Amino acid sequence: MPERNLNIGIVGAGSFADFAAKAFLKVEGVRIVAVADINEKIAAQLASSFNAKPYADYEVFLNDRNIDLVYIATPPFLHYQQSKAALLAGKHVICEKPAALKASEARELAALADSRQLLYVVNLMQRYNPLYSIVNTIINEKILGGFLHGFFENYASDESLDSNHWFWDESKSGGIFIEHGVHFFDMFSGWLGEGKVISAFQIQRPSVTQKINDRVQATVLYHDGLVNFYHGFDQPKILDRQEMRLQFEHGDITLYGWIPVKVRLHGLFQKQSLEKVCELLSGCAIQDCNETNEQPQTVRGRFSNIPFDEHVTIEYGSISEKHGRYQQVLIAMISDQWMWIKDKSHQRIIDQTNAVQSLKTAEEATVLAQQF
C-alpha cells in the first residue's frame, strides 16, 4: 500500500514560505495543497507555483478538509491566534518562530495540541544541523574538557527593513530577543542545559523619529558557565555575518553563519580524541600548532595537569554552503515531524517544549532589557 501524503496548507505567502515549501516538497509524499494570505494576489501567485488552492480568508482556508498540516509563516503577532485556530480546526501546526509574543501563550498552544493529539512545533531548525550534533558530541564526551564560556554575535543586516517594517514595532515582533533570539537560546540550551538570564540590555537607534531598538545583548548563566548573546540589526547586507564560540578547558570551537556551515576547532587533543573529531568532520583541514616535536606533552590549567598528544587547529566547511544547509535542515525538520504524525512513539529532535522554553528565555531577556 502506498504511504499517505502529508498535505500542507501555507499561511503567509512571503519569500520565506516559498523557500520552505520548496524544501518540504523534496520529501516524498509531501504536497502543498493550499495557500492563504490577506493579499489575494500574492496568495494566488504562490499557490499557482504549487498547483495549490489560494485563499484570502483564513477561516475558509481552515475548513479545507484536504489540509493535514498548517505551516504558518506570518509576522509574530499573528502566530498565537493563527496556531490556536488551526489546532481547534483539527490541523497539525508548524509555525515559524516565535510561538507567540508571550510564553504563557506558547504554553497554552502546547497544552491544546497535547489534548487533541496534534502536532504543534515551532521551526527551531538549528538542532537539525549536522554541525549542531557534532558540537553536542564534543561537549558530551568532554573532548576539549569542561565548558567555560561562550558567545553568539549576530551582526545582521537591516537593509531590507525600512523604518515602517513590522520588525521594529515590538507590539508586532516582540522585539529582537523574541523575534530572532529564540533560535540561539534554544540552540545553546540543547548543548548546555536550561539557562537563567542574569542580565540584558537594549540600545535605541539615534536620530530616528520613532523608537527603534536595533541592538540587544543578554548574558545567560548555564550550569558550567556564561554565554553572551548579542544581536545588532544595523549592517548593510554585504557585511552581514554571525559567529559563535564555545570555550573549554582545553580549547575552543568557533562556528560561522547564523545557521552554522563552517567550524574551527583549536586546542589540545589526545590521539584518540583527535581521531574521533576527524571522523566526525570527515575531510577537515588540520594545522599542527606544536611548538616542539615532543609527544606526548603536559601543560597546566585550572590547577591540573593537561596531558596531550597534539596541539592543532581544525577547519571544516564553507560559508558558501549556507543555502544548501538551510534547505537540508528544513527537509530534516519536516521529515522528523511527519514521522511523529505517523507514529506517536517517535522521539522528535524538537517538539512543543522547545517553543515554550526558548520563548520563556527570550521573554525574560526582554523584560530585563526594558529596565534600562
Side-chain angles (χ1 to χ4, degrees), residues 6-21 23-24 30 32-38 46 55 58-59 61-62 67-128 166-167 172-175 177-187 326 329-338 340-341 348-363:
L6 178 66
N7 294 335
I8 297 177
I10 296 172
V11 185
S15 59
F16 185 77
D18 182 36
F19 177 80
F24 296 162
V30 171
I32 307 300
V33 298
V35 177
D37 196 287
I38 56 172
L46 186 59
Y55 290 92
Y58 187 54
E59 290 186 15
F61 165 88
L62 290 179
I67 299 172
D68 301 316
L69 182 149
V70 173
Y71 168 63
I72 298 172
T74 55
F77 70 99
L78 298 171
H79 290 180
Y80 166 68
Q81 290 293 349
Q82 289 178 338
S83 295
K84 184 176 181 179
L87 291 168
L88 290 172
K91 312 294 187 185
H92 301 291
V93 173
I94 295 177
C95 184
E96 282 304 315
K97 48 76 182 168
L101 299 186
K102 298 177 182 178
S104 59
E105 294 174 337
R107 283 191 287 269
E108 180 188 339
L109 293 171
L112 177 61
D114 282 345
S115 71
R116 291 174 170 248
Q117 293 190 303
L118 292 168
L119 181 138
Y120 169 69
V121 70
V122 168
N123 185 23
L124 298 167
M125 84 288 278
Q126 296 279 16
R127 297 197 191 202
Y128 293 96
W166 59 259
F167 180 86
K172 294 181 177 179
S173 69
F177 286 128
I178 287 174
E179 197 282 333
H180 198 73
V182 288
H183 268 309
F184 309 99
F185 291 138
D186 180 67
M187 193 175 194
Y326 209 159
V329 298
L330 287 171
I331 292 168
M333 184 278 296
I334 195 70
S335 299
D336 183 37
Q337 301 304 320
W338 191 14
W340 183 88
I341 291 172
R348 289 175 286 167
I349 291 175
I350 61 169
D351 58 26
Q352 64 271 26
T353 60
N354 298 80
V356 174
Q357 187 56 46
S358 62
L359 183 53
K360 176 179 176 288
T361 304
E363 190 174 55

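None of the values given here were measured: they were computed from a predicted structure. Nothing fancy with the numbering, it's 1 onward along the sequence.
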Query raised in the report: Is the side chain of Asp336 donor-acceptor paired with the backbone N or O of Arg348 at a distance under 3.5 Å, no angle test?
Result: no
Report task. Look at the side chain of His79 and the backbone N and O of Leu101, then say whether any donor-acceptor pair between them is shorter than 3.5 Å. Result ->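 Absent.
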Query raised in the report: Between Ala106 and Ala355, which heavy-atom pair has the shortest distance, and what is it?
Result: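 Where Ala106 meets Ala355 most closely, the heavy atoms are CB-O, 4.5 Å.
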Requested in this report: For the pair Asn123 and Leu330, evaluate side-chain contact (heavy atoms from CB on, under 4.5 Å) and give the outcome as yes or no after the intermediate values.
Outcome: CA-CA 8 Å; Asn123 185 23; Leu330 287 171; 3.4 Å; yes
Requested in this report: Could you pull out the closest heavy-atom pair between Ile67 and Leu69, with the gap in Å?
Outcome: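 Shortest heavy-atom contact: CG2-O, 3.5 Å.
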Query raised in the report: At what distance, to the nearest 0.5 angstrom, does CG of Asp68 lie from CH2 of Trp338?
Result: 9.0 Å
Query - Candidates Ile178, Val122, Val182 - the one meeting side chain to side chain contact (heavy atoms under 4.5 Å, CB included) with Ser358 - result: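 By the side chain to side chain contact (heavy atoms under 4.5 Å, CB included) criterion, Ser358 pairs with just one of Ile178, Val122, Val182: Val182.
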Report task. Heavy atoms only: give me the nearest Leu62-Lys91 pair and the separation to one decimal. Result -> O-CE, 3.2 Å
Query - Ser173 to Trp166 - nearest heavy-atom pair and separation - result: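 Looks like CB-O, 3.8 Å.
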Report task. Please round to the nearest 0.5 Å and tell me the distance separating atom CZ of Arg116 and atom CG of Leu88. Result -> 5.0 Å
Query raised in the report: Under the side-chain contact (heavy atoms from CB on, under 4.5 Å) criterion, do Ile334 and Ile8 qualify, and how do the steps go?
Result: CA-CA 11 Å; Ile334 195 70; Ile8 297 177; 4.1 Å; yes
Query raised in the report: Judged by atom type as modelled, is there a donor-acceptor pair below 3.5 Å linking the side chain of Asp37 to the main-chain atoms of Ala13?
Result: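 Between the backbone of Ala13 and the side chain of Asp37 there is a qualifying donor-acceptor contact (under 3.5 Å).
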Query - Crowding at CG, Leu112 (>12 non-hydrogen neighbours, <6.0 Å) - result: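 Atom CG in Leu112 is packed in, count exceeds 12.
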Query - Plane angle bin for Trp340 and His92 - parallel if under 30°, tilted between 30 and 60°, otherwise perpendicular - result: perpendicular
Query - Minimum heavy-atom distance Pro98-Glu179, with the two atoms named - result: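 Taking Pro98 first and Glu179 second, the nearest heavy atoms are CD-CA, 4.2 Å.
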Requested in this report: Indicate the atoms forming the closest heavy-atom contact of Glu105 with Ala100, along with that distance.
Outcome: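 Minimum heavy-atom separation between Glu105 and Ala100: OE1-CB, 3.3 Å.
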Query raised in the report: So, the side chain of Gln337 versus the backbone of Ile350: is there a donor-acceptor pair under 3.5 Å, distance only?
Result: yes
Query raised in the report: Could you state the interatomic distance from CG (Leu109) to CD (Gln81), rounded to the nearest 0.5 Å?
Result: 9.0 Å
Query raised in the report: Could you walk me through whether Glu108 and Lys84 pass the salt bridge (Lys or Arg N to Asp or Glu O under 4.0 Å) check?
Result: CA-CA 9 Å; Glu108 180 188 339; Lys84 184 176 181 179; 3.0 Å; yes
Requested in this report: Please assess Glu96 against Tyr71 for the test side-chain contact (heavy atoms from CB on, under 4.5 Å), listing each intermediate value before the final yes or no.
Outcome: CA-CA 8 Å; Glu96 282 304 315; Tyr71 168 63; 2.7 Å; yes
Report task. Determine, stepwise, if the pair Ile94 / Leu119 fulfils side-chain contact (heavy atoms from CB on, under 4.5 Å). Result -> CA-CA 8 Å; Ile94 295 177; Leu119 181 138; 3.8 Å; yes
Query raised in the report: Rounded to the nearest 0.5 Å, how far does CG of Leu124 lie from CD1 of Ile349?
Result: 12.5 Å
Query - Spacing of CD belonging to Gln357 relative to CD belonging to Gln352, to within rounding of 0.5 Å - result: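 Rounded to the nearest 0.5 Å, the CD-CD separation comes to 13.0 Å.
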Report summary line: Between the CG atom in Asp351 and the OH atom in Tyr120, the distance rounded to the nearest 0.5 Å is 11.5 Å
Report task. Determine the interplanar angle of the Tyr58 and Phe61 rings, folded into 0 to 90°, and report it as parallel if under 30°, tilted if 30 to 60°, perpendicular if over 60°. Result ->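 Geometry flag for Phe61 against Tyr58: parallel rings.
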Query - Lys97 side-chain N/O to His183 backbone N/O, donor-acceptor pair under 3.5 Å - result: no
Query raised in the report: Any side-chain heavy atom of Arg127 within less than 4.5 Å of one from Asp186?
Result: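 A side-chain contact exists here, since the closest heavy-atom pair is under 4.5 Å.
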Query raised in the report: Does Met125 reach the side chain of Tyr326, with side-chain heavy atoms less than 4.5 Å apart?
Result: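 Yes, side chains in contact.
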